[in-house]
Trainee: 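The structure follows.
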Amino acid sequence: MPLLIAPDVSYHSSWLEGSAEFEGAHRDGAGAEDWDLQELSDAGTFRRFVQALLDDALPESPRKPGYVPCTYLWIVEGDSFLGSLAIRHELNDFLLNEGGHIGYSVRPSARRRGHAAKALAAALPLARDLGIPRVLLTCDEENAASRATIERNGGAYEDTRNGKRRYWIDPASAAAP
């Protein structure tokens, strides 16, 4: 059964395999935008990457302008990395309009098995524990799979902005997938 865990260096090779499946496409919730995939094949660099993901949850950690504290989590099953999920602790203007509190991605070979819906369901209590009373999720207008994932977890559609559908979920009353 898939689990949502803190990033862990023991998933190094599986994380690299899963990340390569995206073929350079953006991975929501991965936290890897500033890291070169080739460089992450080095164990020491990967260790620093994992530590940076863990540190990003701390309010005092340095971050780029426009970025907010964020808890990064990985979706795993056994020794296999299946995907990433990020819980952003607060919203800035960009996140309010387009990014939301939670972003996630599942590696292409693990899609259409309910992993995203289960990971989102597991993340909602964590968001509540972080003090987020209402969780904003967004997805591209044409992303039917992500829309279904959000709606399955109790997402109430509010509007569309810049091609992004915006949904709110009360993490205290979210339905289990």
Side-chain angles (χ1 to χ4, degrees), residues 1-96 98-111 113 115-132 135-139 146 149-150 153 169 171:
M1 178 171 184
L3 299 172
L4 202 56
I5 66 162
D8 185 319
V9 296
S10 68
Y11 289 89
H12 187 193
S13 62
S14 184
W15 185 93
L16 288 170
E17 292 167 7
S19 296
E21 289 181 19
F22 286 91
E23 298 178 341
H26 177 73
R27 292 167 288 153
D28 287 327
E33 301 85 25
D34 296 330
W35 296 83
D36 179 83
L37 191 56
Q38 290 294 337
E39 291 176 15
L40 287 169
S41 63
D42 173 74
T45 302
F46 190 75
R47 191 173 300 110
R48 287 190 299 280
F49 165 65
V50 167
Q51 190 60 53
L53 293 179
L54 297 171
D55 289 348
D56 205 40
L58 305 172
E60 66 272 11
S61 290
R63 59 187 45 84
K64 294 190 313 189
Y67 281 64
V68 300
C70 182
T71 297
Y72 289 100
L73 300 163
W74 287 352
I75 308 163
V76 301
E77 186 169 36
D79 60 358
S80 295
F81 168 85
L82 303 176
S84 301
L85 183 143
I87 305 172
R88 301 168 193 112
H89 300 189
E90 57 195 60
L91 298 175
N92 58 24
D93 286 340
F94 171 76
L95 295 173
L96 178 64
E98 296 184 40
H101 283 105
I102 297 178
Y104 52 85
S105 58
V106 174
R107 68 192 282 180
S109 65
R111 291 181 182 160
R113 298 184 205 159
H115 297 315
K118 290 173 187 162
L120 178 55
L124 290 171
L126 301 174
R128 181 192 61 230
D129 292 347
L130 287 167
I132 302 170
V135 176
L136 176 65
L137 285 109
T138 67
C139 66
S146 192
T149 292
I150 295 167
N153 277 280
I169 299 176

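Residue numbers run from 1 in the order of the sequence given.
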Trainee: Check Ile169, Leu136, Leu130 against His101 for a side chain to side chain contact (heavy atoms under 4.5 Å, CB included) and give me the one that passes.
Mentor: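 Passing option: Leu136.
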Trainee: Which value, rounded to the nearest 0.5 Å, describes the distance between Leu120 atom CG and Leu4 atom CG?
Mentor: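 Answer for the CG-CG pair, Leu120 versus Leu4, is 9.5 Å.
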Trainee: How close do Cys70 and Arg88 get, heavy atom to heavy atom, and via which atoms?
Mentor: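 Answer, listing the atom of Cys70 first, then Arg88: SG-CG, 4.1 Å.
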Trainee: Keeping the roles fixed (side chain from Arg63, backbone from Asp56), state whether a donor-acceptor pair exists under 3.5 Å.
Mentor: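 Here the side-chain-to-backbone pair exists.
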Trainee: For Gln38, is there any backbone N or O sitting under 3.5 Å from a side-chain donor or acceptor partner on Ser41?
Mentor: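 At least one qualifying donor-acceptor pair exists.
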Trainee: Taking the side chain from His89 and the backbone from Ile132, do they hold a donor-acceptor pair closer than 3.5 Å?
Mentor: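 Not a single qualifying donor-acceptor pair exists.
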Trainee: Specify the closest pair of heavy atoms between Val76 and Leu82, including all atoms of both residues, with the distance to one decimal.
Mentor: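 That would be C-CD1, 4.1 Å.
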Trainee: Please step through side-chain contact (heavy atoms from CB on, under 4.5 Å) for the pair Thr149 and Leu137, ending with a clear verdict.
Mentor: CA-CA 10 Å; Thr149 292; Leu137 285 109; over 6 Å; no
Trainee: Applying side-chain contact (heavy atoms from CB on, under 4.5 Å) to Val50 and Trp15, what does each step give before you reach the verdict?
Mentor: CA-CA 11 Å; Val50 167; Trp15 185 93; over 6 Å; no
Trainee: Do Ser14 and Asp79 have side-chain heavy atoms sitting under 4.5 Å apart?
Mentor: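 They are not in contact (no side-chain heavy atoms under 4.5 Å apart), so the answer is no.
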Trainee: Taking the side chain as every heavy atom from C-beta outward, state whether Phe22 and Ser105 have any pair of such atoms under 4.5 Å apart.
Mentor: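 When only atoms from C-beta onward are counted, Ser105 and Phe22 do touch, with a gap below 4.5 Å.
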Trainee: Can you name the nearest heavy-atom pair linking Ser80 to Tyr11, along with the distance?
Mentor: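 Heavy-atom minimum between the residues: N-CE2, 4.1 Å.
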Trainee: Checking Arg107 side chain against Phe81 main chain: does a donor-acceptor pair fall under 3.5 Å?
Mentor: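 Indeed, once roles are kept as given, a pair shorter than 3.5 Å links the two residues.
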Trainee: Going from OG on Ser84 to CG on Leu73, what distance comes out if it is rounded to the nearest 0.5 angstrom?
Mentor: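 One gets 9.0 Å once the value is rounded to the nearest 0.5 Å.
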Trainee: Can a donor-acceptor pair be found, under 3.5 Å and without considering hydrogens, that links the side chain of Asn92 to the backbone of Gly66?
Mentor: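 Yes; at least one donor-acceptor contact below 3.5 Å.
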Trainee: Within the supplied structure, the quantity of interest is the number of heavy atoms (other residues, nucleotides, ligands) at a distance under 6.0 Å from Asp36 CG; does it exceed 12?
Mentor: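 Counting other residues, nucleotides and ligands, CG of Asp36 exceeds 12 neighbours.
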Trainee: Kindly compute the distance separating NE2 (His12) from CG (Asp42), expressed to the nearest 0.5 Å.
Mentor: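 Output value for this atom pair is 7.5 Å.
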Trainee: Testing the basics here: between Ala52 and Trp35, what is the closest heavy-atom pair and its distance to 0.1 Å?
Mentor: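 Residues Ala52 and Trp35, closest heavy atoms: CB-CZ2, 4.0 Å.
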Trainee: Minimum heavy-atom separation for Phe46 and Asp8, please, with both atom names.
Mentor: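 So the minimum-distance heavy-atom pair works out to CE2-O, 4.3 Å.
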Trainee: Using the rule given for side-chain contact (heavy atoms from CB on, under 4.5 Å), can you reason through Thr138 versus Glu98, listing the C-alpha separation, both sets of side-chain angles and the distance that settles it, and then say yes or no?
Mentor: CA-CA 6 Å; Thr138 67; Glu98 296 184 40; 5.6 Å; no
Trainee: Any side-chain heavy-atom pair from Phe94 and Val68 closer than 4.5 angstrom?
Mentor: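 Contact flag for Phe94/Val68 side chains = no.
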Trainee: Evaluate the side-chain contact (heavy atoms from CB on, under 4.5 Å) criterion for residues Leu124 and Ile102: first the C-alpha distance (whole Å), next the side-chain angles of each, then the deciding distance (0.1 Å), finally the verdict.
Mentor: CA-CA 9 Å; Leu124 290 171; Ile102 297 178; 4.2 Å; yes
Trainee: So, for Leu53 and Ala30, which heavy atoms are closest and what is the spacing to 0.1 Å?
Mentor: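 That would be CD2-O, 3.8 Å.
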Trainee: When rounded to the nearest 0.5 angstrom, what distance separates CG in Leu85 from OH in Tyr72?
Mentor: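 If we round to the nearest 0.5 Å, Leu85:CG and Tyr72:OH are 11.0 Å apart.
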Trainee: If you round to the nearest 0.5 Å, how far is CG of Leu40 from CZ of Arg48?
Mentor: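 So the CZ of Arg48 and the CG of Leu40 are separated by 9.5 Å.
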